[in-house]
Amino acid sequence: MLRVAPALLGKILASRSPAGELTAGRIVEVEAYREDDPASHSHRGVTPRTRTMFGPAGHLYVYFTYGMHWCCNVVVGPPGVGAAVLLRAVEPVLGEEIMWSRRAAARTSRDLASGPARTTQALGLDGSHDGVDLLDEGAAVALLDDGNPPRGRRRRGPRIGIRQATEKPWRWWLDGNPHVSRR
DNA sequence: CTATAGATGCCCT
DNA sequence: GGGCATCTATAGC
């Protein structure tokens, strides 16, 4: 997991809405979560919410939080192991106009997807996408590699927005990228 | 620019 | 009932 998380930097997350609207973003910030980690949803074992986290790698784990926000993760590790990588920010690469329409509160392009809930909203994702196989190119959401190496150096540091295990340096981002959630 | 408060509902104990 | 892998508006400098 700690290897996969930084490897996702620079990859593309693409989605197709029921109306056929295509949006995609380049991943610029991620965080890793795993079972032996008190901050992880999987720490307390399989529950209705975390079922997807314990499923096969490469599927999308989407959860609801703070009464209003959806956030999405890439599941990693073998079935039975509860680990995932939270997608914290993407750089828009396709369908930016559609993202503007979905993100009414955004004032600058950096507001479009600089945060996990913003990213999920900009890509039009919600709980209905929980469990989608990201490696199935026909699915509504897919994880792609366009061959371009990530721009900027990979950096790592403590995770954001958690109250447990705040010391673990399990957040990675592309140094200097303006779409990262905090700088 | 930074700091802070409030929104809002699901999950799990 | 407590807490939450967040965001936004607003106030103040």
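Per chain, numbering begins at 1; letters A, B, ... match sequence-line order. Quantities reported herein were computed from a predicted structural model and do not represent experimental measurements.
- Between A:Glu29 atom CD and C:dA5 atom P the separation is 16 Å, expressed in whole Å.
- No donor-acceptor distance shorter than 3.5 angstrom exists from the side chain of A:Glu21 to the backbone of A:Gly95, with no hydrogens or angles considered.
- Nearest nucleotide to the A:His69 side chain, out of C:dT6, B:dA7, C:dA9: C:dT6.
- The number of heavy-atom neighbours closer than 6.0 Å to CZ of A:Arg110, taken from other residues, nucleotides and ligands shown, is 12 or below.
- With rounding to whole Å, A:Met68 atom CE is found 15 Å from B:dC11 atom C1'.
- The CZ atom of A:Arg110 sits 7 Å away from the P atom of B:dC1 (whole-angstrom rounding).
- The distance between atom OH of A:Tyr33 and atom P of C:dT6, rounded to the nearest whole Å, is 7 Å.
- With no hydrogens or angles considered, no side-chain donor-acceptor pair links A:Ser42 and A:Thr50 at under 3.5 Å.
- Mapped onto DNA chain C by nearest heavy atom, A:Ile160 and A:Arg107 fall at different nucleotides, with A:Ile160 at the one closer to the 5' end.
- Contact annotation for A:Arg88: backbone-only contact, meaning every heavy-atom pair under 4.0 Å involves sugar-phosphate atoms and none involves a base.
- Protein atom OH of A:Tyr61 is 10 Å distant from nucleotide atom C1' of B:dC11, rounded to whole Å.
- Between C:dA5 and A:His41, a contact under 4.0 Å exists linking OP1 or OP2 to a side-chain N or O.
- Put simply, the side chain of A:Tyr66 and the base of B:dA7 share no donor and acceptor less than 3.5 Å apart.
- At the heavy-atom level, A:Phe64 lies under 4.0 Å from the strands shown only through sugar-phosphate atoms.
- Between the side chains of A:Gln121 and A:Arg103, a donor-acceptor pair is found at a separation under 3.5 Å.
- If you check every strand for non-hydrogen atoms under 4.0 Å, A:Ala117 touches sugar and phosphate atoms only.
- Between the C1' atom of B:dC11 and the CG atom of A:Asp130 lies a distance of 14 Å, rounded to the nearest Å.
- Taking every side-chain heavy atom of A:Arg118 into account, C:dC7 is the closest of B:dT8, C:dA5, C:dC7.
- Between A:Val62 and A:Gly127, the closest heavy-atom pair is CG1-N, 4.1 Å.
- Note on A:Leu86: a base of the nucleic acid sits closer than 4.0 angstrom, heavy atoms only.
- Between C:dA5 and A:Arg163, no contact under 4.0 Å exists linking OP1 or OP2 to a side-chain N or O.
- Side-chain nitrogen and oxygen atoms of A:Arg44 include none within less than 4.0 Å of the OP1 or OP2 phosphate oxygen of B:dC11.
- Among the nucleotides C:dC4, C:dA5, C:dC7, the one closest to the side chain of A:Tyr63 is C:dA5.
- Distance A:Ile162 CD1 to C:dA5 P: 8 Å, rounded to the nearest Å.
- Crowding of A:Glu167 atom CD: a count of heavy atoms from other residues, nucleotides or ligands under 6.0 Å exceeding 12.
- B:dT8 is unpaired under the Watson-Crick or G-U wobble criterion, no partner having all donor-acceptor distances under 3.5 Å.
- At whole-Å resolution of the value, CH2 in A:Trp70 and P in B:dT8 are 17 Å apart.
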